[in-house]
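Beneath this line is the structure, given in structure tokens, with notes to follow.
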Amino acid sequence: MDAIFENLTEAQREAVGHIEGPMLILAGPGSGKTRVVTHRIANMIHQGVPPWQIAALTFTNKAADEMRHRVDSLAPNQPVWMGTFHRFCAQLLRRYATMVGLAENYSIYDTQDSKQAMKRAVMAAGVSTTHASPDQIASSISHAKNRLMTPETMQGQILRPLDALAAKVYPVYQQQLLTANAVDFDDLLLHIANLLRENPEIRSELDNKYKYILVDEYQDTNLAQYAIVRALSIDQPNLAVTGDPDQSIYGWRGADLNNILDFEKDYPSVKTARLEKNYRSTPNILRAADQLIRHNRKRKAKDLFTDHPEGDAVVLRMFQDGYQEADGIADEIVHAIAEEGMKPSDFAIFCRMNALTRSLEHALRSRSLPYQIVNGVEFYQRREIKDLLAYLHLVNNPNHDVALMRVINTPTRGIGAKTVERIRDFADYNGIPMLEAARRAKDIEGLAKRAVTMIGKFIKIYDRLAIKATAPLEDLIRFLVEETEFEAYLEKTAVEQQDANPMSNVDELITAAVEFDRQHPEDGSLEAFLEQVALVADTDAIDGETDRVTIMTLHAAKGLEYPRVYIIAVEDDLLPHKRSKENEAQFEEERRLLFVGITRAKERLQLSCCKRRAVRGDTRPVIPSPFLNELPLDEIRRIESTGNRDWFDEEEDYDQSYPESWDLPDEDGSPGGDLDAVSETAPVIAPAGFEIDEVSQLPAEELAEVMKPKKKKNIVVAGLKTGADLLTSGTTPLMSYREGVLVRHSEHGEGTIIEVTGRGPKRTAKVIFPDGEFSFRLAFAKLELV
DNA sequence: TACTAGTAATTTTTT
DNA sequence: ATTACTAGTA
């Protein structure tokens, strides 16, 4: 009991002690919010609140797991419901599926699935895609769903042209989902919100079941989530929400900042706790965050303060290009590990887009730094995994048309596009699922005899699988692999992709399934497993245990903290993103995004930008982010890197097609003077206020030696490419490629370099192989030294 | 029908 | 640069 209130500030104690009635916890970054929330739950239980009456809703499984873990240490094994909004709704929907026209074994379409479904719906609705792509229509419908609009209400509105088109597709799409006994992500929320609105008895029953509701990251809730929470807090208005308006970064997904800004209006009796003291960052970092976020107009003023000692100045660094940026950061990390006793997991690198992680990956890998990319090629997105999962989906829900289309000819069994199309039309015409249509192949007009036979073969396989639906997951999957001769199929396709062991992912899926079976011995395993798979996010795979540098998007970074943080590509049109400039709300959200990134840092922070950056193949000049002007530049250490990279060593002149200088922000925010040209021979002159990069450019190989992992164990985490995994395929410094050097290419075999031209990312080698002469961009080509 | 090669489109962020 | 889709060929 004492432990619960120990070491808390007055504001924290107040929040922890609160039990009945609505409460708003405004928690700035690093203010110990999770601590407050978990202690509060523990306190409630101590005070006699039955744990099963408490539900804590989060946005990510990761946040829920963390919460569960910490509550467990205070009050072990309490049946408090903790999980994401989507999971909460998915479980309710299992129970009430029939109320919304679904069966309880309904499937959850992931983004790819719903995209497929959307294309089909667009076609069926007879809407032309010349003015709006299926993607745009999908996002319009998604937005409508987030705002609780049904097909009927959407059609009743005056709309932009795009939305008007979407409104035509919406009912068709929704009907197809219903026929397929499926929902998309938005539907999980929408169905439950509608259910609660239309069925007062159910609403009241659930309201009383979940007497105490807690919502994390309330600033990210959309209207559907708002409605759900609201509906469950009428008879029992014990709703506690935590959040920080300054960290709202999901507006594009329909999050409505007003939900938190107006909370006090919605619940007049609310008790508000403000957690402003920061326990995470140095004053230097906080001042940067504070100065930046002050520029937002739509916000509640808030002070950020801390007891921590000053620490190091925030660094703003300018690189020549993205490759140098990646190398510079990687070198610095290597250096800090070798010299300052840091470890890889102390570092995180954030970026605006996933596409920016590529050069980082390369840089870290070539220094043997272990790393994880939160997002990369997600495990469950891999083709072979999606194939197998599609079979499982179809076993679980024979109406799952998207899954059927995926597997009916995978592995190829002579059922081509035309045949599938005929089945689909037949299904659409009769309003039946495609599997049903396939069973009636004989009735389908225009189907060749051969096709009918092939379909029959597929149906036979399917039926054999379906019998095993209730078998343990492992048996089911193994049977599936066998029955479909999946291994042979994989081997065939793997050859051209030179995938060493194509079955390894399949084995991992089986491992995951076994693990799931073990943890969930009682529930109908297949359905629950598929639900779990559908609702895991990339961020859930973040691995805090193993010692690795973490690379992720700014969005994924929320809620995390690291001693040293790098934010790359703080550049105009990227952060703020080009597409955010249409309106001020979006622009301010970009600012909040940077705010979130900055406030993740505990000790040190570096923001960086480049003079030019490779986008989609070619390199273009870049303007630094206007947000940089909003930082306290007088106390920030500005460094310009000289471009002293290995590939510049050999070439004296720099590619003159790029501007050699640009305007830097001056300390007063006015445009500054030009930078002097950077070249190998001329001394580098730093612009006013910039130091020349003094970080040593130790030879990478030397550092790599220091960095060699002590014990090299190959930890495989689902969905993650780790540095360790990739060590074996280590890369070669570009300068090793010279004229006369022998190389090996996966397709052409061995060859000799006859010419090397260009520099930097454009450095190109001409190689003569037995089968002819080819040119490769060294930064990208897979050329091994012989 | 399966496979290949070539072209078009594409990237912001995620449950 | 990578991916997704299309058209042409075996």
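To find a chain, count down the sequence lines: A is the first, B the second, and so on, and within it residues start at 1.
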[X]-[Y] aromatic ring centre distance below 6.0 Å:
X	Y	answer
A:F85	A:F59	yes
A:H555	A:Y250	yes
A:Y210	A:W81	no
A:F587	A:F627	yes

Scan [X] against the nucleic acid and name what it touches under 4.0 Å (heavy atoms): base, sugar-phosphate only, or nothing.
X	result
A:N409	sugar-phosphate
A:K558	nothing
A:F59	sugar-phosphate

Tell me: [atom1] of [X] to [atom2] of [N], nearest whole Å?
X	N	atom1	atom2	answer
A:D187	B:dT15	CG	C1'	13 Å
A:R579	B:dT10	CZ	C1'	11 Å
A:R87	B:dT14	CZ	C1'	15 Å
A:L188	B:dT14	CG	P	19 Å
A:E571	B:dT11	CD	P	21 Å
A:L554	B:dT13	CG	P	11 Å
A:E589	B:dT14	CD	P	12 Å
A:R620	C:dA1	CZ	C1'	14 Å

Checklist line | Salt bridge A:K298-A:E584, side-chain N to carboxylate O under 4.0 Å | finding: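 No, this pair does not count.
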Note to self: Using the six-membered base ring of B:dT13, report whether A:W252 stacks on it, requiring centroids under 5.5 Å and planes under 30° apart.
What the structure shows: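 The ring of A:W252 is stacked on B:dT13.
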Looking at [options], which one has an atom nearest to any side-chain atom of [X]?
X	options	result
A:R450	B:dT1, B:dA2, B:dT11	B:dT1
A:H86	B:dT15, B:dT14, B:dT1	B:dT15
A:T419	B:dA2, B:dT14, B:dT1	B:dT1
A:K418	B:dT13, B:dT1, B:dT15	B:dT1
A:T412	B:dT15, B:dC3, B:dT13	B:dC3

Next item on the list: Pick the P atom in C:dA4 and in B:dT13, then give their distance to the nearest Å.
Entry: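 It works out to 15 Å between them.
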Notebook entry, point to check: So does A:N354 get a side-chain nitrogen or oxygen closer than 4.0 Å to the phosphate oxygens (OP1/OP2) of B:dT13?
Noted result: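 Yes, A:N354 has a side-chain N/O under 4.0 Å of OP1/OP2 on B:dT13.
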Check: Is any side-chain nitrogen or oxygen of A:T111 closer than 4.0 Å to OP1 or OP2 of B:dT14?
Finding: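 So the side-chain polar atoms of A:T111 never come under 4.0 Å of the phosphate oxygens OP1 or OP2 of B:dT14.
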Next item on the list: With DNA chain B as reference, determine whether A:M353 or A:A417 sits nearer its 5' end, using the nearest nucleotide of each.
Entry: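 Its nearest nucleotide being more 5', the pick is A:A417.
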Item checked: Nearest-nucleotide comparison on DNA chain B, the residue closer to the 5′ end among A:G414 and A:D135 ->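 With A:G414 and A:D135 compared, the 5'-side residue is A:G414.
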Check: Checking side chain to side chain donor-acceptor pair (under 3.5 Å) for the pair A:D216/A:T58: CA distance, chi angles, key distance, verdict?
Finding: CA-CA 5 Å; A:D216 197 25; A:T58 65; over 6 Å; no
